[in-house]
Number of protein chains: 2
Amino acid sequence: MVEPDAAEEAVRSLRALILAGERYRQVLSDYVGLWVTETQAVSYLTVHGDRGQNELATDLGLSSGASTALVDRLERQGIAERYPHPSDRRRTLVRLTDRGRAVVRESRMWLLAGFQDVDPSELGPLARQLNVVADRLAERSAEMAERGPGAFHLE
Amino acid sequence: MVEPDAAEEAVRSLRALILAGERYRQVLSDYVGLWVTETQAVSYLTVHGDRGQNELATDLGLSSGASTALVDRLERQGIAERYPHPSDRRRTLVRLTDRGRAVVRESRMWLLAGFQDVDPSELGPLARQLNVVADRLAERSAEMAERGPGAFHLE
DNA sequence: TATTGTTATACTCTATAACTATA
DNA sequence: TATAGTTATAGAGTATAACAATA
């Protein structure tokens, strides 16, 4: 049986989860002594692996100048480091250091706490559903970013 | 059967979803012509209903001064408005306007797109699981925020 | 000619702290 | 005495645009 209001409930839950994620980001950042953008970069590199600075900038919604400043800060704090692209000498890749991975381990425990009330047998299926939702949402955001700002007019 | 790596998969998926949510926030904000903190406030008021400025500040991770500036901007743009607390004359409550609710309707479609690959019969159960995860994560963040910044030392 | 990344300037949001009003 | 909110100052990250190096 399909519940008629399931869609509204799902939208509301996703709103709540996004807000909770944003708050988690702030508190985690304070806790480990980094800025929000810096832990976002750490999280991004954890999920997607090593990336070039421009890719990092695009996917995090930053300008290339801001990306330079971001990676500068990460290097200064020993969280991540630049290394040259093997074949394209224009490009600079970014990877986490041991210190960066320590932040990841710390955040892992916080995130795990989010699942404490989920039945272990449901964890696998839930994880896959979360992944699908994340992919669709990221896809939609990328599409809308293409259209540029100000495409929406109230009233 | 319980999969041994389900927990790791879940953590990774949640990381991806949080990142996707943060990107959604940026792109939506650009799209409707608001700042990130402003659409966070709109989302917060949608999920939790009318709130006092200080509650808004605390739950969004802002200082009281930043909260004043935030609500000033929301009022100037006609997104939300202040109104007096019925009994406590110190307090100021904040609510969305019609214009603010138009932003909510717009964002609703984006979020719905996140569920397009979910089987309709699974939408209700998924919604409830998302809610549980959001609550636990918010709870953990509130606890950690209590301890204050810098409690974590790398190495 | 296009792309990756750096630099310099201006801008905006936010934290801090002092202050007013109310409980 | 404690709480809700405002104001003023200083500080930090980011966008923009111009620039250098490589493809």
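Every value quoted in this text rests on a predicted model; they were computed, and no experiment measured them. Order of the sequence lines sets the chain letters (A, B, ...), proteins ahead of strands, with each chain counted from 1. Heavy atoms only: backbone and side chains are in, while hydrogens, waters and symmetry mates are out.
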Q: Which atom pairs, donor and acceptor, lie under 3.5 Å between side-chain atoms of residues 109-118 of chain B and protein residues at least two apart or in another chain?
A:
residue   : atom : partner   : partner atom : Å
Trp110(B) : NE1  : Glu106(B) : OE2          : 3.3
Asp117(B) : OD2  : Arg136(A) : NE           : 2.5
Asp117(B) : OD2  : Arg136(A) : NH2          : 2.9

Q: Using atom names, set out every protein N or O paired with an N or O of nucleotides 11-13 of chain D below 3.5 Å, distance rounded to 0.1 Å.
A:
residue : atom : partner  : partner atom : Å
dG13(D) : OP1  : Trp35(A) : NE1          : 2.8

Q: When you measure from the side chain of Glu9(B) to the backbone of Asp5(B), do you find a donor-acceptor pair of N or O atoms at a distance under 3.5 Å?
A: no
Q: Ignoring hydrogens and geometry, is there a side-chain-to-backbone donor-acceptor pair from Arg25(B) to Thr39(B) under 3.5 Å?
A: yes
Q: Say you draw a straight line from CZ of Arg108(A) to CZ of Arg15(B); how long is it, rounded to the nearest 0.5 Å?
A: 9.0 Å
Q: Just how far, in rounded Å, is P of dA21(D) from CG of Asn54(A)?
A: 18 Å
Q: What's the shortest heavy-atom distance between Val27(B) and Ser141(A), and which atoms?
A: CG1-O, 3.6 Å
Q: Are side-chain heavy atoms of Leu60(A) and Leu70(A) found at a separation under 4.5 Å?
A: yes
Q: Roughly, in whole Å, what's the span from CD in Gln53(A) to P in dT7(C)?
A: 11 Å
Q: What is the distance from atom CG of Asn131(B) to atom CD of Gln129(B), rounded to the nearest 0.5 Å?
A: 11.0 Å
Q: Within residues 40-52 of chain B, which residues have any heavy atom lying less than 4.0 Å from an atom of DNA chain C?
A: none
Q: Indicate yes or no: at least one non-hydrogen side-chain atom of Ser67(B) is less than 4.5 angstrom from one of Asn54(B).
A: no
Q: Among all residues two or more places apart in sequence or in another chain, which pass the salt bridge (charged side-chain N to carboxylate O under 4.0 Å, His left out) test with Arg82(A)?
A: Asp72(A), Glu75(A)
Q: Output the rounded distance in Å from CG (Leu34(B)) to C1' (dT12(C)).
A: 15 Å
Q: When you compare the side chain of Gln77(B) with that of Leu34(B), does any pair of heavy atoms fall below 4.5 Å?
A: yes
Q: If every non-hydrogen atom of Gln26(A) is compared with every non-hydrogen atom of Gly61(B), which pair is closest and at what distance?
A: OE1-CA, 3.6 Å
Q: Which residues within residues 55-66 of chain A lie with some heavy atom under 4.0 Å of an atom in DNA chain D?
A: Gly61(A), Leu62(A), Ser63(A), Ala66(A)
Q: Kindly say whether Pro84(B) contributes a backbone atom to a donor-acceptor pair with the side chain of Thr92(B) at under 3.5 angstrom?
A: no
Q: Pick from Thr46(B), Val47(B), Asp59(B): which one makes a side chain to side chain contact (heavy atoms under 4.5 Å, CB included) with Leu19(A)?
A: Val47(B)
Q: If you take any heavy atom closer than 4.0 Å to DNA chain C, which residues from residues 81-96 of chain A end up in contact?
A: Arg82(A), Arg90(A), Arg91(A), Thr92(A)
Q: Could you tell me the separation between the CG atom of Leu70(B) and the C1' atom of dT7(D), rounded to a whole number of Å?
A: 16 Å
